[in-house]
Colleague: 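Please see the structure below; I have some questions.
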Amino acid sequence: MEKVLYINGEWSGTELKKIEVLNPANGELVGTVASAGKEETRAAIEAAHEAFGPWSRLTAYDRSSYLDRLYDLMMEQKDEIAEIMTKEMGKPLKESLGEVQYAASFIRWYSEEGKRVYGRSIPASHENKRMQVIKQPVGVVAAITPWNFPAAMITRKLGPALAAGCTFIVKPPKETPLTAIKLVELCEEAGFPKGVVNLLTGPSSVIAEEIMDSDKVKKVTFTGSTEVGKMLIEQSAKTVKNVSMELGGHAPSIVLDDADLDKAVRGIIASKFRNAGQTCICINRVYVHENKYEEFTKLLVEETRKLKVGNGMDEGTDIGPIINRDGYEKIKQHVDNAVEKGADCVLGGKGKDEGNACFYEPTILKDVNHDMLIMNEETFGPVLPVQKISTDEEGIELANKSPFGLAAYVYTESLSRGTRLIEGLDYGIIGWNDGVPSAAQAPFGGFKESGIGREGGTEGMEAYLETKYVSIVI
Ligand code: SIN
């Protein structure tokens, strides 16, 4: 399968250098994509800039009907999208299908939300004055997206941007461009006017530099590492671009001694082992009250042991491959470092390097502490360290001991203890007895070095709007 760039309603770039996309489960070639350079990036920016005026002047109802068509097409072709996703990214097919549904939910929700972009009228202090606030689209948006959710991290940006009246350029990562191409093919089939949606595949550094330098691109929305996010924030200063940054996490989970342990184990497994632990909001460390520590850990090991590692295309696989060798080495380093420093590895602890594919067993480490790397850095793998705590306050203090503040989880049946926990945690998303808090209608984003702004919900729409205040003397 050879795929090319989508600029101004045309597929182009067959003559460009090709980049291979390999299946992380076996190293097989899944497809090739074109490597866009400066010229193609400028053409995409120009196309989105030209298309902005007419698209932004359509009514919200007209824009909504395009988004509805895209939603329907995604649902009709969900099996095909899911298969592409599993082959290029590795996640189990059942998870890919879940992701397609999740991705489409952003298109449907923002198709409706676009009709509810309201301004306001402010009472004036002079009889002959009228004061109004109106909302307008920010302009051309460039989205730089990650490999761990190849579809949903595009649609969480595309849905609100297009609904608001912005035009869009997507730059997917080198690991998962084929899902992005499929989504853009569906945009074409849905009939979006030319230039409204554009796609660039190729080297991030070249494409991002052009995007960040351009004064025609008014907003950059990025999901990825904190390191790259910081670079983009610095580069955005040149043209004072509006930015949304969804960056790294290191999610804690606190399990109190009045928690329903079955619920806690179910939620923690769902959070940690989804996508082989390669999600920004997955639980990366668990703090358990000493009264329930042994019982909780035993149950957690019993349930985690049932998870099956393998190729995401095989029936029954729960945990697919690790995306690449760097990711695999980091997981190994975290486990080895914890064990060297005294952690007790009660499940797993081993990887399988097949040369062209790397897998890691679901792993549970007991008796960890904050001297270990794993308690201080995002692992991005199927490893769960568990630490004993004596009080609720100790749980909050340890959970907040991180420069990151994306997601945190609490397990307690007590309204008052739970309320104190959620209020004390410096995190943008909290799951209370819930391991899977994400939803199209809810704000997603972090405190501290986990990012700037929110995606999803009404906040996610606001991110693509400018506020204009108009003072009128009559
Ligand atoms: C992420 O962790 O990057 C996204 C996960 C989600 O949207 O649930």
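Remember, it's 1-based here, ligands and their atoms both numbered in the order they're listed.
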Colleague: Between R454 and E246, is there a side-chain N and carboxylate O pair less than 4.0 Å apart?
Modeller: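 No salt bridge links R454 with E246.
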
Colleague: Please confirm whether the ring centroid of Y71 lies under 6.0 Å from the ring centroid of W109.
Modeller: no

Colleague: Are D258 and K292 ion-paired here, with the side-chain N under 4.0 Å from a carboxylate O?
Modeller: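 A salt bridge is absent here (no side-chain N lies under 4.0 Å from a carboxylate O).
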
Colleague: Does the pair E302/R305 count as a salt bridge with the N-to-O cut at 4.0 Å?
Modeller: no

Colleague: With salt bridge (Lys or Arg N to Asp or Glu O under 4.0 Å) as the test, pick out the partner of K182 among E83, E189, E80.
Modeller: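 Result for salt bridge (Lys or Arg N to Asp or Glu O under 4.0 Å) with K182: E80.
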
Colleague: Taking the six-membered ring of F149 as reference, does the NZ or CZ atom of K91 fall below 6.0 Å from its centre and within a 45° cone about the axis?
Modeller: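 Yes, K91 and F149 form such a contact.
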
Colleague: Name the residues with a heavy atom less than 4.0 Å from ligand 1?
Modeller: Y102, N148, F149, M153, R156, E246, R274, T279, C280, I281, S438, F444

